[in-house]
Enquirer: 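To start, I am sharing the structure in question, which I have written as structure tokens.
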Amino acid sequence: MQLEKVYDPQQFEPRWAEVWRSSDFFLATADTHDQRPVFSLVIPPPNVTGSLHMGHMLEHSEIDVTTRWFRMRGYNTLWLPGTDHAGIATQMVVERELAKQGISRHDLGREAFEAKVWEYKELHGGTILRQMARIGDSVDWSRTRFTLDDGLSHAVRTVFVNLYRKGLIYRGPYMVNWDPTLQTALSDLEVVHEKVEGKLWHVRYPVKGSAEYLVVATTRPETMLGDTAVAINPGDERYLHLHGRTVVLPLMDREIPIILDEMADPEFGTGCVKITPAHDPNDFEAAQRHNLPLIRVIDEHAKITSEGGPYSGLDRYDARERVLADLDAKGLLDRTEPHELSVGKSQRTGVIVEPMVSTQWFVRTKPLAEKVIEASQAGRTVITPDNWQKIFFDWMYNIRDWCISRQLWWGHRIPAWHCHDCHGITVAMEDPDKCEHCGSANIAQDSDVLDTWFSSALWPFSTLGWPEKTPALERFYPNTLLITGFDILFFWVARMMMMGLECMGDVPFRTVYIHGLVRDAERQKMSKTKGNTVDPLETIDKYGTDATRITLLLGAAPGTDIVLTDERLTSSRAFANKIWNAARFLFLNMERCGVEPWMPEEQACYAPHPDPVTGEVPLEDRWIFSRLNYYAGTVNKAIDSYRYHEAAQQVWAFFWGDFCDWYVELKKLRFEEGSGLNHHWKNILTVFESALRLLHPVMPFITEELWQRLRPEGSNRSASICLARYPEPDPSAEDATAEAEVGALQSIIGAVRNLRADLGQDPKKTIDAEIYARGIAFTAASGQLEALNKLASISAKVTEGNAPELRGAVRSTPSFDIVLLVSAAELEAQRNRVEKDQLQLLKAIANAERQLSSEEILSKMPPHVVETLRSKLDEYRAKHEKNQEALSALAR
RNA sequence: GGGCGCGUAGCUCAGUUGGUUAGAGCGCCUGCUUCACACGCAGGAGGUCACAGGUUCGAGUCCUGUCGCGCCCACCA
């Protein structure tokens, strides 16, 4: 039972953060709540593989608090395998590693590359939470990962085939961001936009059969080789007469139409815009609207294609120089202006991305989104905090079709086969050996893989055995709660809802809780590129896992961001140490009193033990049990409504403010050497054990450690604190009388200390004092006098009633007067103090009187407010009067 | 351009249907090594709740406007 003076987290806290750092799969937990299931997930987002993110610590903390809370309230736990979401990120890491050796994945070939990725995953994945092993749940760890080879593939394929047959999946043209170095398409997220100083070149396009020409402005003159139209605004009088005519594309001598389109902004440049459908996303869309042909003039290596005539084979920037020179030579370069523009660069290589037209697979999202909107509006899924609900709706209304094909080599292959003979597509559950259209055996599988979000979207049901109708699926779908960050709301949450409604006919979860963002001390969003990330492992090493967790939770007010500072972490570490030292105090005194480790039989709510001789319960015990009951109420309510900061703050206030500051101090007077396990010990250990359980979701490791030490050998209590019951409030445990009496004691002690500090007295020196109490029972048995004397360092004479004369150093309230007999010199310090108090009281009295004197106000005020206002006014008046008396006594 | 959020003590932040003299942690000042804890104990100072109007008996809280800060989305020929 010996504890070190200072709590050492390293010794007792498993560093589960390490697990997150190395794991490359979802970890998910599921639980049931009110007969309905709840689940929570943690995923490393694709851009942070290989490191841990503070945001995950937060997310995990909130999830783990809820999960432990549920578990402690008696709901069964189910651990679900994660999907292979981070496979894509792993692939990127492998690709980067290969690049260092000068190898590209194309050199390696598909199979060898996949093997490499597997190797990496085996090496870095798969560490399992140590704390979970301690909990003793039955977990089939072989099912902790869904990979490309097991059940998920079947689910993914089933969904793909079904959606395809319903016409919800189609192939179409799409503008991708192409990285010419990596030879791959990038998602919008992988493109970083940068403002650069560029130029705006104005080029003359001669109108056919006329001496006129249109001047178009462009930042990328080399793309003009692929122009297929020039657009003017339908309201632009300057050019309207040219509508229907054509221009001759300079350098290429191609004839292209002049079209009307809103995209041409009369205010910008010349008001004319060239249309290059194959190399600009906006132009691409305009081309769709006007049925314009696409001409690819830049290839995947960013070189000009054979369509580029004389420029064919040139690099895109060399081509630009040549094009400009040639235009200039022909006198077609109108003018050049400096222009700031933003260019998209590859996050991975820094190369300027090339917009490229390609054929991709799409999910038709409109019909799916409609179901999501309907379900959300019916309240079947609620997003909280509710401002996200609106944002979510806006997005669902404006949703575009979802491109699901990726030119990657890791992931679920698209189950579609192209026929080389008839060019038909065969989509089937079983791998086909011939084309379903022409019967040819000359077919090959599509080389693309599915977007990871496609399989992730199936997570809520695919992990439960879908499409089989398993008992788990029956029980755990739909789930109750999803905790996640807003950055993933659209990618993942929306898609889980779409797929859930489509495949299961119901929403996947009832509530989505959106948490805040973790920021650094300068309020900057943490990002790897900025390099201002806080490494959670360093934080954990320095402050401990529990301290890190409660720091995050204390800052996690819904809808706000979390600023992480060393000061906050330091104070949390101090709190962990406070818990540790409170335990140390108990253990040392148990030894002194001859008390063995003990804890009560398990119950949700406990009543204090009475003195076996008198049959009475000590006042401090009645009080602390009542306080514990109160906090059990507020903490449960806070967690239930996702107010994690409040839960953390409440357990802190109870443990430090009530338990340590008052209860332990009061109990010190009750310990007797060699007493054995008497009612005092039973009460303090009961409260302490309950406090540990109350704290557990927020401070899991230190509470587990201490709980295990307190747990007697051979106890029939659960093996772990996280399987013990969570404290619950019970109206019968409320003890208003005890709270009032201890409250009065606290205010008397506070007043004496304050008075003595004002007088500049040595706080340790015991001095004589007279206390006149009104309406406060000071019974001999309750030990209040002893407590008062000890905690205020006085030798008090307590009398019922009013002080006969307020002389000396006085502090008064409506319920007591304190008189300290001190020298006249010490009294002067008092005067300012009391006068200042009077000013504030007068203000409060005037305010209350004004409100209470008006019939109109009284009639509009709710009765309970009037009630408190009245009693407050009485109190202010009494106090003011007492102060006045004291002041005149001081004057004498 | 569209949308969202923030501005409360020196600092970082709470403050849930409007209702006591507006709170916490850190920092600061004073006193204390008291046999759990100086990562501590006791006491204290410090705020016209960004500004200006409005609604209300009553506003940190609701409405309008102004100023300052931040985020997201879109666009950028």
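The chains referred to below are lettered A, B, ... by the order of the sequence lines, with proteins before strands, and numbering in each begins at 1.
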Enquirer: Using a 4.0 Å heavy-atom cut-off, does A/Lys637 contact any base of the nucleic acid, only the sugar-phosphate backbone, or nothing at all?
Expert: nothing
Enquirer: How long is the span from the CZ atom in A/Phe575 to the OG1 atom in A/Thr551, to the nearest 0.5 Å?
Expert: 11.0 Å
Enquirer: Assign A/Arg643 to base, sugar-phosphate, or nothing according to its heavy-atom contacts below 4.0 angstrom with the strands shown.
Expert: base
Enquirer: What is the separation between atom NZ on A/Lys765 and atom C1' on B/rG31, rounded to the nearest whole Å?
Expert: 15 Å
Enquirer: Sort out the partner of B/rG43 for me: Watson-Crick or G-U wobble, both distances under 3.5 Å, none otherwise.
Expert: B/rC29
Enquirer: Over how many whole Å does the gap from A/Lys5 atom NZ to B/rU33 atom P extend?
Expert: 15 Å
Enquirer: Dump every N/O contact between nucleotides 17-24 of chain B and the protein below 3.5 Å, one line per pair.
Expert:
residue, atom, partner, partner atom, Å
B/rG19, N2, A/Gln851, OE1, 3.1
B/rU20, O2', A/Tyr876, OH, 2.6
B/rU20, O2, A/Lys872, NZ, 3.0

Enquirer: What integer distance in Å separates A/Met263:CE from B/rG1:P?
Expert: 21 Å
Enquirer: RNA chain B: A/Ala582 or A/Glu567, which has the more 5' nearest nucleotide?
Expert: A/Glu567
Enquirer: Determine the minimum heavy-atom distance between A/Pro9 and A/Gly544, stating which atoms define it.
Expert: CB-CA, 3.5 Å
Enquirer: How about A/Tyr631 and A/Phe659: are their ring centres within less than 6.0 Å of each other?
Expert: no
Enquirer: Applying a 4.0 Å non-hydrogen cut-off, can you work out what A/Glu665 is touching in the nucleic acid: base, sugar-phosphate, or nothing?
Expert: base
Enquirer: Going by purine N1 to pyrimidine N3 plus the second Watson-Crick contact, or the G-U wobble pair, all under 3.5 Å, which nucleotide sits opposite B/rC4?
Expert: B/rG70
Enquirer: For A/Phe393 and B/rC73, what is the distance between atoms CZ and P respectively, to the nearest whole Å?
Expert: 21 Å
Enquirer: Between A/Thr218 and A/Val6, which has a closest nucleotide on RNA chain B that is more 5'?
Expert: A/Val6
Enquirer: Under a 3.5 Å limit for both distances, which nucleotide forms a Watson-Crick or G-U wobble pair with B/rU20, could you say?
Expert: none
Enquirer: Please list each protein N or O that sits under 3.5 Å from an N or O in nucleotides 41-43 of chain B, with the distance.
Expert:
residue, atom, partner, partner atom, Å
B/rC41, OP1, A/Lys578, NZ, 3.0
B/rC41, OP1, A/Trp656, NE1, 2.6
B/rG43, O3', A/Asn754, ND2, 3.3

